[in-house]
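Residue numbers start from 1 in every chain, and the chains themselves are labelled A, B, ... in the order their sequence lines are given, proteins ahead of strands. Everything quoted here is computed from the prediction, not taken from an experiment.
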There are 2 protein chains.
Amino acid sequence: MANIREIAKLAGVSVATVSRVLNHYPYVKEEKRQAVWKAVEKLNYTKNINAVHLAKGKTSIIGVILPYVNHPYFSSIVDGISQEALRHGYHLLLFQTNYDVQKELEALEMLRVKQVDGLIICSRTISWEMLKLYQEDGPIILCEDTTGCEMSSVSIDHYEAFMLGMNYLIAKGHRKIGYCIGRTSGTNSERRDAAYRDALQNIDTVPREEWIFDRCLEIADGARVVKALLSMEDKPTALLVASDQVAAGIVLWGQKNGLQVPENLAIVSFDNHPIAEALGITTVDLPLLSMGQKAFQLIHDCFIGKTTTNQNEQLPVRLIERFSV
Amino acid sequence: MANIREIAKLAGVSVATVSRVLNHYPYVKEEKRQAVWKAVEKLNYTKNINAVHLAKGKTSIIGVILPYVNHPYFSSIVDGISQEALRHGYHLLLFQTNYDVQKELEALEMLRVKQVDGLIICSRTISWEMLKLYQEDGPIILCEDTTGCEMSSVSIDHYEAFMLGMNYLIAKGHRKIGYCIGRTSGTNSERRDAAYRDALQNIDTVPREEWIFDRCLEIADGARVVKALLSMEDKPTALLVASDQVAAGIVLWGQKNGLQVPENLAIVSFDNHPIAEALGITTVDLPLLSMGQKAFQLIHDCFIGKTTTNQNEQLPVRLIERFSV
DNA sequence: ATAATTTATGAAATGCGTTTCAATGCAATA
DNA sequence: TATTGCATTGAAACGCATTTCATAAATTAT
């Protein structure tokens with residue numbers, strides 16, 4: 001495979017001139033420019049991008065850390081990141097972690113070794129302290145509220161979102177409310193839990209731990225929840241469901257097992273995925289695509305030096321009333 | 001940032017020895033090994049991975065070309081690729097093309113410039129001829145039947161899958177059958193169309209072009225199909241639906257608009273996504289996760305020199321009977 | 001006409017780890 | 001004791017493009 005020196009030799013110019021031509025810099029005589037392009041074509045030359053990366057000290061790749069690719073919540077975010085990245089000539093390196101700290105660390109290491117110019121963390125298990133150790137290696141954007149930790153972020157106000165759902169249910173007369181969540185740890189989950197408890201406190205009601213369903217991620221988990229509900233003596237009358245997928249599962253498996261929504265169980269879910277519309281589920285719209293886009297924009301602002309301080313952006317949510325309450 | 005030469009100097013050894021230590025090669029005295037690690041720690045050294053890539057001539061990154069990340073069909077494949085890649089220490093670079101030939105070409109170019117060691121093409125628009133120009137630059141695996149084009153592939157037999165669905169519908173007495181598809185071009189779609197026509201021919205029935213619904217990708221497209229069906233004088237009694245998502249949309253929007261499945265319309269869909277189970281949709285299971293895994297395995301076989309010729313693997317499908325027919 | 005710019009161009013340094021090759025030191029075999 | 005062979009180690013070459021710096025030539029400004 002030809003390299004830039006061979007091109008230089010064949011074109012009768014220096015490597016510097018070749019580089020200038022290849023990168024469309026000014027100050028090259030037209031004849032030399034021609035000669036270089038001719039040589040490039042003759043030798044079927046292509047840059048070795050790894051040499052470029054080494055020389056430039058950057059790769060135009062940003063890493064995306066997320067637990068699962070195959071989940072609408074995360075692939076929406078990735079979609080958003082991807083769209084913006086494309087517009088700016090960046091590529092995406094995917095790190096599917098399954099919430100494994102070891103894998104998260106490996107991904108972070110990619111920032112140190114300059115495999116990626118920056119990192120967007122869609123969700124994580126690793127601690128903020130640990131993350132901070134990597135801040136000096138390049139920009140990191142978190143998709144969660146980073147209040148109190150001095151890191152950049154774009155986030156959805158999950159407290160507000162849950163509060164919105166809770167108050168809606170309460171206004172509709174519900175008092176026995178539970179919720180379904182993907183996991184109980186993590187900033188986003190903790191914010192939601194706080195809203196849940198605060199909302200209940202507002203109506204002088206104590207939370208019931210058995211009405212909190214953990215590990216609810218996909219449709220099939222809805223079936224599990226339905227089963228659990230059916231075997232309960234004292235059931236909640238309403239559920240906040242942190243994913244439209246799970247909500248869909250609850251509605252559909254509920255139908256088959258005699259747990260009708262909203263007759264026997266009211267549901268407010270989150271995401272506003274098309275499935276919620278199709279099932280008439282009242283949901284809180286979460287701007288996931290925008291969050292991905294914004295995340296890239298923030299990181300890009302760091303690259304172009306537009307931003308040097310930590311940025312924190314909060315995206316608005318809104319409740320979409322349908323027929324599941 | 002420290003480099004390997006500084007480590008060598010501090011440790012009082014040659015860079016070759018440092019490299020040996022860093023890469024866990026044998027033949028280094030224990031004392032020197034210690035000295036190197038100590039220097040590494042003292043200078044807080046990390047390899048510059050771009051230099052490694054340049055020197056080794058490979059990146060341990062494989063590119064994944066796909067039209068949309070945010071679609072269960074593709075994210076299942078990516079999930080499979082990702083799982084296997086992880087096991088072998090490879091990373092994934094994502095190229096979301098939206099079926100734009102220009103973007104596909106850019107992704108292919110990444111193989112030439114050695115940004116990626118290999119490429120998995122989940123779906124494409126670009127021609128086989130064009131693709132072949134890049135074969136010399138590294139292994140390329142297609143997720144489609146590549147009969148007649150001498151390229152490696154892992155594929156689902158979409159002809160067989162559609163034929164399975166058609167014969168099932170026909171056995172149930174249906175004669176007026178249409179289908180919904182993501183796009184009409186592409187190998188996979190053409191194979192499906194062929195099966196559709198062959199199956200109809202077998203029962204001496206002529207295909208009805210107006211019963212073929214193009215651009216059916218997501219739940220919302222199901223609503224469109226329902227609407228179109230309702231406005232038809234002469235409706236099909238059954239539909240093959242190339243995506244469980246769309247099928248779900250048809251079932252759910254049909255319910256609201258008085259088009260009951262299976263009473264007014266029988267449906268056999270494809271993928272066997274959890275949503276199909278939840279809705280009781282009869283579907284043909286497509287091993288998408290396995291396809292992704294297998295795709296990576298094939299490409300990996302090329303890397304380790306296990307395979308030098310084109311491989312073509314066909315994965316089996318099976319019909320899962322539920323209640324939509 | 002002279003000074004001040006601007007245009008052009010190449011040599012050489014830079015970014016940095018891997019790998020080959022030759023050489024030296026030691027131990028085991030003949 | 002001589003020889004074969006493995007264990008160790010470093011110098012130097014290699015992969016390759018970018019960028020700085022110095023220089024030279026061509027313009028433009030004064």
Side-chain angles (χ1 to χ4, degrees), chain A residues 1-37 39-40 43-61 89 109-117 137-138, chain B residues 1-37 39-40 43-61 89 109-117 137-138:
Chain A
M1 191 64 161
N3 63 32
I4 201 174
R5 271 155 250 274
E6 292 182 51
I7 301 296
K9 195 181 296 174
L10 184 60
V13 299
S14 71
V15 295
T17 297
V18 176
S19 179
R20 283 186 196 105
V21 173
L22 260 28
N23 295 298
H24 308 285
Y25 288 159
Y27 304 145
V28 179
K29 276 253 179 68
E30 192 51 32
E31 326 147 34
K32 305 218 172 194
R33 197 179 291 281
Q34 299 289 330
V36 168
W37 283 121
V40 165
L43 298 185
N44 188 28
Y45 167 79
T46 316
K47 276 188 202 180
N48 180 322
I49 212 165
N50 295 129
V52 178
H53 290 168
L54 174 59
K56 292 208 168 169
K58 62 178 218 109
T59 58
S60 293
I61 296 177
E109 208 57 34
M110 292 300 113
L111 195 56
R112 282 208 75 194
V113 302
K114 296 175 186 301
Q115 165 76 265
V116 298
D117 295 345
D137 299 310
Chain B
M1 192 63 161
N3 63 33
I4 200 174
R5 274 159 244 272
E6 292 182 51
I7 300 296
K9 194 181 296 173
L10 183 60
V13 300
S14 70
V15 295
T17 297
V18 176
S19 180
R20 283 187 196 104
V21 174
L22 259 30
N23 295 298
H24 309 286
Y25 288 160
Y27 305 145
V28 179
K29 276 253 180 67
E30 192 51 32
E31 325 147 33
K32 305 218 172 193
R33 198 179 292 280
Q34 298 288 329
V36 169
W37 283 122
V40 164
L43 298 185
N44 188 26
Y45 167 79
T46 316
K47 277 189 200 179
N48 180 323
I49 213 166
N50 295 129
V52 178
H53 291 167
L54 174 60
K56 292 209 167 166
K58 62 176 218 114
T59 57
S60 294
I61 295 177
E109 208 57 34
M110 292 301 112
L111 196 55
R112 282 208 74 194
V113 302
K114 296 177 186 302
Q115 166 77 264
V116 298
D117 295 346
D137 298 310

Worksheet item: In whole angstrom, what separates B:Arg20's CZ from C:dT18's P?
Response: 12 Å
Fill in: Separation of atom CD1 in B:Ile49 from atom C1' in C:dT18, rounded to whole Å
14 Å
Response to the item:
Nearest-nucleotide check on DNA chain C, B:Asn23 vs A:Ala55; residue mapping nearer the 5' end is A:Ala55
Fill in: Near-strand residues of residues 25-34 of chain B, defined as heavy-atom separation under 4.0 angstrom from DNA chain D
B:Tyr27, B:Val28, B:Lys29, B:Lys32
Practice prompt. Whole angstrom is fine here: how far is it from CG in B:Leu54 over to P in D:dC16?
Written response: 7 Å
Which donor-acceptor pairs under 3.5 Å do side chains of residues 4-15 of chain B form with protein atoms, sequence neighbours excluded?
unit_1, atom_1, unit_2, atom_2, d
B:Ser14, OG, B:Ala16, N, 3.4
B:Ser14, OG, B:Thr17, N, 3.2
B:Ser14, OG, B:Thr17, OG1, 3.3

Response to the item:
Atom CD of B:Gln115 and atom P of D:dA17 are separated, to the nearest Å, by 15 Å
Worksheet item: Is there a side-chain contact between A:Trp37 and A:Leu22 (heavy atoms, below 4.5 Å)?
Response: yes
Worksheet item: Separation of A:Asn48 atom CG from D:dA17 atom P, in whole Å?
Response: 6 Å
Fill in: Close side-chain approach of B:Ile61 and A:Gln115, heavy atoms under 4.5 Å
yes
Worksheet item: So does A:Ser14 get a side-chain nitrogen or oxygen closer than 4.0 Å to the phosphate oxygens (OP1/OP2) of C:dA11?
Response: no
Worksheet item: In whole angstrom, what separates A:Lys58's NZ from D:dT18's C1'?
Response: 13 Å
Practice prompt. Test side chain to side chain contact (heavy atoms under 4.5 Å, CB included) on B:Leu54 and A:Asn48 and set out the steps.
Written response: CA-CA 8 Å; B:Leu54 174 60; A:Asn48 180 322; 4.0 Å; yes
Practice prompt. Examine D:dT18: is either OP1 or OP2 under 4.0 Å from a nitrogen or oxygen in the side chain of A:Lys47? Give yes or no.
Written response: yes
Worksheet item: Can you name the nearest heavy-atom pair linking B:Arg112 to A:Asn44, along with the distance?
Response: NH2-OD1, 3.1 Å
Discussion item. Looking at C:dT9, I'd like to know if its phosphate oxygens (OP1 or OP2) sit under 4.0 Å from a side-chain N or O belonging to A:Thr17.
Written reply: no
Worksheet entry | Side chain to side chain, A:Glu30 and A:Arg33, heavy atoms closer than 4.5 Å | yes
Item to complete: Remember a base hit wins even if backbone is also touched, and classify B:Val18 as base, sugar-phosphate or nothing at under 4.0 Å, heavy atoms.
Response: nothing
Worksheet entry | Phosphate contact (D:dC16 OP1 or OP2) by A:Asn50 side-chain N/O below 4.0 Å | no
Discussion item. Quick one, A:Arg20 and A:Val36 - any side-chain contact, counting heavy atoms below 4.5 Å?
Written reply: no
Practice prompt. Consider the side chain of B:Val52, meaning its heavy atoms from C-beta on, and name the nucleotide among D:dG10, D:dT20, C:dT18 that approaches it most closely.
Written response: C:dT18
Discussion item. If you only use heavy atoms from C-beta on, which nucleotide in C:dA11, D:dA17, C:dT19 is closest to the side chain of A:Asn3?
Written reply: D:dA17
Discussion item. Is the phosphate of D:dG15 approached by B:Lys114 (side-chain N or O, under 4.0 Å from OP1 or OP2)?
Written reply: no
Discussion item. Output the rounded distance in Å from CD1 (A:Ile7) to P (D:dA17).
Written reply: 9 Å
Item to complete: Round to the nearest Å and state the distance from B:Arg5 atom CZ to D:dA12 atom P.
Response: 12 Å
